[in-house]
Amino acid sequence: MNDHKVKAAQMAVELIPNQAIVGLGSGSTASIFIDLLAKKAHEEAMDITCVATSGQTQQLALGFGLKVVDIDAVDRIDVTVDGADEVDPNLNGIKGGGAALLFEKIVAVNSQKNIWVVDSSKKHPRLGSFKLPVEVVKFGVHHVYNYLKERDLKPVYRQQEDGNYLTTDSGNYIIDINISRVDDLAKLAKELKSLTGVVEHGLFINICDVLLDGNTGEAVYRKA
């Protein structure tokens, strides 16, 4: 197990108050956090209610004995802890490497605080080293693909090991695009959301409030 991921997850657990509604992210570091949160909740008899960002996360949390409810069963989410595939110095990031970007973003934008847990390998001067996932409905997907290709974003369908298209928890496809040469990411985010057929994209801009780096033990807060 990556010690730096464990450290970041441990830092996040210490920021979770009792009687909180907690959003649970996806990915390896988030999974470590879920394990540690469950242990703390059990040892300290904490009253924690959780909302999951994927079916896999939900099953993991239930397996650890955490209470998990549907997002529509709560009127607020106090804090969400999640990983990130890539983060820039302004705490903007790319997420969705695990194909849960739609549910992750719904939970994140409805959270009062978002904490990202990473190791230093996820921090980059600018976004674009990691491919940006775009979640697209199946109907007419090739037209979206062709548009992205015309924009020279080098689209690639996300596939499973058997060669079939990967399908998200919400029944959509994912197209990964290259944004390494895109300077105005806010403009790109709006453009992608305006495309008919696009459900969501993995650009998380002005969403992360606290970045916990397991390598350095540093907590970085988003500038107001």
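Given the structure is predicted, the values throughout are model-derived calculations rather than measurements.
Atom NE2 of H142 and atom CD1 of I175 lie 9.0 Å apart (nearest 0.5 Å). With rounding to the nearest 0.5 Å, the separation of CG in N114 from CG in N206 is 11.5 Å. Annotation: the span from Q58 atom CD to S26 atom OG amounts to 11.0 Å, rounded to 0.5 Å. To the nearest 0.5 Å, the span separating CD1 on I94 from CG on L101 amounts to 11.5 Å. How far CD1 of I34 is from CG of L66: 7.5 Å, rounded to the nearest 0.5 Å. Note that the CG atom of L166 and the CD atom of E161 stand 11.0 Å from one another [nearest 0.5 Å].
Within the 4.5 Å cutoff, side-chain heavy atoms of L188 are placed close to those of L203. The side-chain heavy atoms of L102 and T168, taken from C-beta on, include no pair separated by under 4.5 Å. Taking 4.5 Å as the limit, every side-chain heavy atom of V198 sits out of range of all side-chain heavy atoms of Y147. Side-chain contact check for L36 versus Q10: some heavy-atom pair is nearer than 4.5 Å. Proximity of R181 to D152: side-chain heavy atoms (C-beta onward) are separated by under 4.5 Å at one or more points. In this structure, V220 and D213 have side chains that are not in contact, with every pair of non-hydrogen atoms separated by 4.5 Å or more. Residues V182 and L132 fail the side-chain proximity criterion, which asks for heavy atoms closer than 4.5 Å.
Classification of K7 and D119 as a salt-bridged pair fails, no side-chain N sitting under 4.0 Å from a carboxylate O. Contact check on K123 versus E86 returns no salt bridge, with no Lys/Arg side-chain nitrogen under 4.0 Å from an Asp/Glu carboxylate oxygen.
With hydrophobic clusters built from ILVMFWY side chains whose heavy atoms lie under 4.5 angstrom apart, V79 does not share a cluster with V68. Under a hydrophobic clustering in which Ile, Leu, Val, Met, Phe, Trp and Tyr are joined whenever their side-chain heavy atoms come within less than 4.5 Å, directly or via other members, Y221 and I207 fall into different clusters. Following chains of ILVMFWY side-chain contacts shorter than 4.5 Å, one cannot reach I174 starting from L195, and the two form parts of different hydrophobic clusters. Hydrophobic clustering, with ILVMFWY side chains joined whenever heavy atoms are under 4.5 angstrom apart, groups L211 together with V109. Linking Ile, Leu, Val, Met, Phe, Trp and Tyr residues whenever their side-chain heavy atoms come within less than 4.5 Å places L212 and V81 in a single cluster.
Scanning all heavy atoms of the two residues, the minimum distance from C208 to L91 falls at CB-O, 3.5 Å. Across L192 and V134, no two heavy atoms sit closer than the pair CD1-CG2, 4.3 Å. The minimum heavy-atom distance linking P133 with K95 is given by the pair CG-O, 3.2 Å. Residues S54 and A100 come closest through the heavy atom pair CB-CB, 4.0 Å. Closest heavy-atom contact between A52 and V107: O-CG2, 4.2 Å. The heavy-atom pair separating G97 from F130 by the smallest distance is CA-CZ, 3.9 Å.
The number of heavy-atom neighbours closer than 6.0 Å to CD of E191, taken from other residues, nucleotides and ligands shown, is above 12. Environment of NZ in K149: sparse, with no more than 12 heavy atoms of neighbouring residues, nucleotides or ligands closer than 6.0 Å.
Donor-acceptor pairing under 3.5 Å is lacking for the side chains of D82 and T80. Using modelled atom types and a 3.5 Å distance limit, the side chains of D88 and N90 yield no donor-acceptor pair.
A donor-acceptor pair under 3.5 Å is formed between the side chain of D78 and the backbone N or O of I21. Put simply, the side chain of T53 gets close to the backbone of L24: a donor and an acceptor are under 3.5 Å apart. Remark: side-chain polar atoms of T29 are not paired, donor with acceptor, to backbone N or O of V118 under 3.5 angstrom. A donor-acceptor pair is defined here as one N or O able to donate and one able to accept, closer than 3.5 Å; such a pair exists between the side chain of H201 and the backbone of A189.
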Side chain to side chain contact (heavy atoms under 4.5 Å, CB included) evaluation trace for L185 with N92: CA-CA 10 Å; L185 294 180; N92 296 316; over 6 Å; no
D183 vs R126, salt bridge (charged side-chain N to carboxylate O under 4.0 Å, His left out): CA-CA, chis, key distance, verdict: CA-CA 9 Å; D183 293 321; R126 59 171 287 163; 3.1 Å; yes
I77 and I71: CA distance, side-chain angles, deciding distance, side chain to side chain contact (heavy atoms under 4.5 Å, CB included) verdict: CA-CA 8 Å; I77 301 173; I71 187 173; 4.1 Å; yes
Check against side chain to side chain contact (heavy atoms under 4.5 Å, CB included), I16 and F33: CA-CA 11 Å; I16 305 302; F33 165 77; 4.0 Å; yes
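Using bins of under 30°, 30° to 60° and over 60° for the plane-to-plane angle, the ring pair Y157/Y165 lands in the parallel bin.
In this structure, K105 satisfies the cation-pi test against F204, with its NZ or CZ atom closer than 6.0 Å to the six-membered ring centre and inside 45 degrees of the ring normal.
When each of K138, E200, E135 is checked for a side chain to side chain donor-acceptor pair (under 3.5 Å) with N172, only E135 meets the rule. Of the candidates I177, D176, N178, I179, N178 is the only one forming a side chain to side chain contact (heavy atoms under 4.5 Å, CB included) with K154.
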